[in-house]
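The structure appears right after this line, and notes come after that.
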Protein chains: 2
Amino acid sequence: MSQKTYEARKFKLIQFYRKFRRLPTYEELAELYGVKSKGSLHKYVQKFVDEDLIVKSEGGKLIPTTKLYGLRVLGSVQAGFPTVAEEELVDTMSLDEYLIANPDATYMLTVSGDSMIDAGIVEGDMVIVDRSKTPKPGDIVVANVDGEWTLKYFMDRSGKIFLRAANKKYPDIHPQDELTIGGVVISVIRKY
Amino acid sequence: MSQKTYEARKFKLIQFYRKFRRLPTYEELAELYGVKSKGSLHKYVQKFVDEDLIVKSEGGKLIPTTKLYGLRVLGSVQAGFPTVAEEELVDTMSLDEYLIANPDATYMLTVSGDSMIDAGIVEGDMVIVDRSKTPKPGDIVVANVDGEWTLKYFMDRSGKIFLRAANKKYPDIHPQDELTIGGVVISVIRKY
DNA sequence: TTGACAAGAGAACAAATGTTCTCTATAATG
DNA sequence: CATTATAGAGAACATTTGTTCTCTTGTCAA
């Protein structure tokens, strides 16, 4: 089994997974690779398992790993950007899994307004909000101020809770009665 | 079929998919729901298909939709943050699919240094880099300057190409001979 | 009480599943 | 040349797959 054709098979497998969000059956593999023998395909699959692209659970069920569906993570910018030839991977990972700890309590919002500009959050950014987290001082939260939802820093000065924008234009907000927090911002995403 | 138990089944299905990255078989569904009849399970599955959590391809193969594996997207912050009761979803989507157009040419890097601070990119951020894109003026690129990789704006003044940091501390860089570009930054991610 | 309805058990079915063989043709190596 | 290794074809297999039935039970409303 040459290295080149293995890479080609790996590529096709990844493409299949992206398209159907599941691993192919042997019959589909046969069509994918133009090979009729299930025996040969079984060897292919075993190779994928050896390379950790796939893990087998009880009953021969196949489970993909981040090596198959994840994004390639290189080191830091300054550490260098390897060429295609080098390909020094640090890790592979899924953005969904990396950014979202509690999928059932997590939402995404589009940012409008400039109240968090000094925190590097600008209009058009998307923020990922975790509803299940309890805000800590310094956290950015989605808060309801006068019936309107905004992004603010959650502050706590000796037990007295208030909100602060990351923009000197806006004054601090000291809630008179109750403060409604929609969730804690756990991630900010900007797409160019 | 009561609404409450349907929601419970939906939740378990989503959990199963997150864990195994594939949809369960009928036997696994039976264990999941504590029901022995395949006939009943078949009705469950049909309900999932009706609700667009799942799509059936030829041969009864099941394909999950973003409604099943995606993140919930609400409107903008100012537009309001619906309560759990309201749940006004705008969309569901996968971050992987949303952020990454060319998975095979896309990498992730950790940012170090302060050269792009005015662009809202700070140390510790992660940038997603597309190697296959051709840089346009104004794009942020991963560039090799004097054997070191850095983030810079890609500039073009009347045919003359140069690099500019988003930080007044650093001067423009006019490459004498050749400019090596590692890729174009398509997204920035900050995790708190 | 009666009737209508829905949920689940259980059985039956053809088709597809993954695995393990043997055998042949080809390529690589001495 | 002879030898060894490798890839694929093809067949056989025990399971498991999804689908479609019938039958029983329980629930709710009239």
Side-chain angles (χ1 to χ4, degrees), chain A residues 1-70, chain B residues 1-70:
Chain A
M1 200 188 310
S2 85
Q3 192 61 29
K4 189 184 170 189
T5 54
Y6 167 73
E7 286 300 326
R9 282 200 294 269
K10 172 179 165 181
F11 184 71
K12 285 191 177 183
L13 181 71
I14 291 174
Q15 286 198 316
F16 186 98
Y17 185 79
R18 287 215 190 95
K19 188 169 178 188
F20 296 109
R21 282 255 160 186
R22 63 173 172 83
L23 291 170
T25 65
Y26 275 28
E27 195 176 313
E28 289 163 335
L29 281 173
E31 192 180 350
L32 209 56
Y33 297 145
V35 163
K36 292 169 190 166
S37 163
K38 282 220 240 176
S40 294
L41 294 170
H42 189 257
K43 292 171 195 164
Y44 293 1
V45 171
Q46 204 50 51
K47 177 86 172 172
F48 290 140
V49 171
D50 291 344
E51 299 281 329
D52 262 338
L53 289 175
I54 293 173
V55 161
K56 283 197 189 187
S57 63
E58 4 62 68
K61 290 274 172 306
L62 302 178
I63 303 174
T65 68
T66 54
K67 279 203 177 181
L68 192 138
Y69 63 78
Chain B
M1 199 188 306
S2 84
Q3 192 60 26
K4 188 186 170 188
T5 54
Y6 168 72
E7 286 300 325
R9 283 199 295 269
K10 172 180 166 181
F11 185 71
K12 285 191 176 182
L13 182 71
I14 291 174
Q15 287 197 316
F16 187 99
Y17 185 81
R18 288 214 189 96
K19 187 170 179 187
F20 297 109
R21 282 253 160 188
R22 62 174 172 81
L23 290 171
T25 65
Y26 275 29
E27 196 177 312
E28 289 163 335
L29 281 173
E31 195 180 347
L32 208 56
Y33 297 144
V35 163
K36 290 169 190 167
S37 162
K38 283 220 239 174
S40 293
L41 294 171
H42 189 259
K43 292 171 194 165
Y44 292 2
V45 171
Q46 205 50 50
K47 177 87 173 172
F48 290 139
V49 171
D50 291 344
E51 298 281 329
D52 261 339
L53 290 173
I54 293 174
V55 161
K56 283 197 188 187
S57 62
E58 5 61 69
K61 290 275 173 303
L62 303 178
I63 302 175
T65 68
T66 53
K67 278 204 179 182
L68 191 133
Y69 63 78

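Residue numbers begin at 1 in each chain, while the letters A, B, ... track the order of the sequences. Small disclaimer: the values here were computed from a predicted structure and weren't measured.
- Geometrically, A/K61 does not engage B/F20 in a cation-pi contact defined by less than 6.0 Å to the ring centre and at most 45° from the axis.
- Distance, A/L23 CG to C/dA16 C1': 17 Å, rounded to whole Å.
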### Task
Report, as a single string ordered 5' to 3', how protein heavy atoms within less than 4.0 Å touch nucleotides 14-29 of chain D: B base, S sugar-phosphate only, - not at all.
---BBBBB--------

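- The local environment of NZ in B/K56 is crowded, with over 12 non-hydrogen atoms from other residues, nucleotides or ligands closer than 6.0 Å.
- In this structure, the separation between NZ on B/K12 and CG on B/L29 is 11.0 Å, given to the nearest 0.5 Å.
- Once rounded to the nearest 0.5 Å, the distance linking NZ of B/K67 with CD of B/E51 reads 7.0 Å.
- Judged purely by atom type and a 3.5 angstrom limit, A/Y17 has no side-chain atom pairing as donor or acceptor with the backbone of A/Y69.
- Considering only side-chain N and O atoms, B/Y33 lies nowhere under 4.0 angstrom from the phosphate OP1 or OP2 of C/dG8.
- Summarising the geometry, the separation between CG on A/L41 and P on C/dT17 is reported as 12 Å, rounded to the nearest angstrom.
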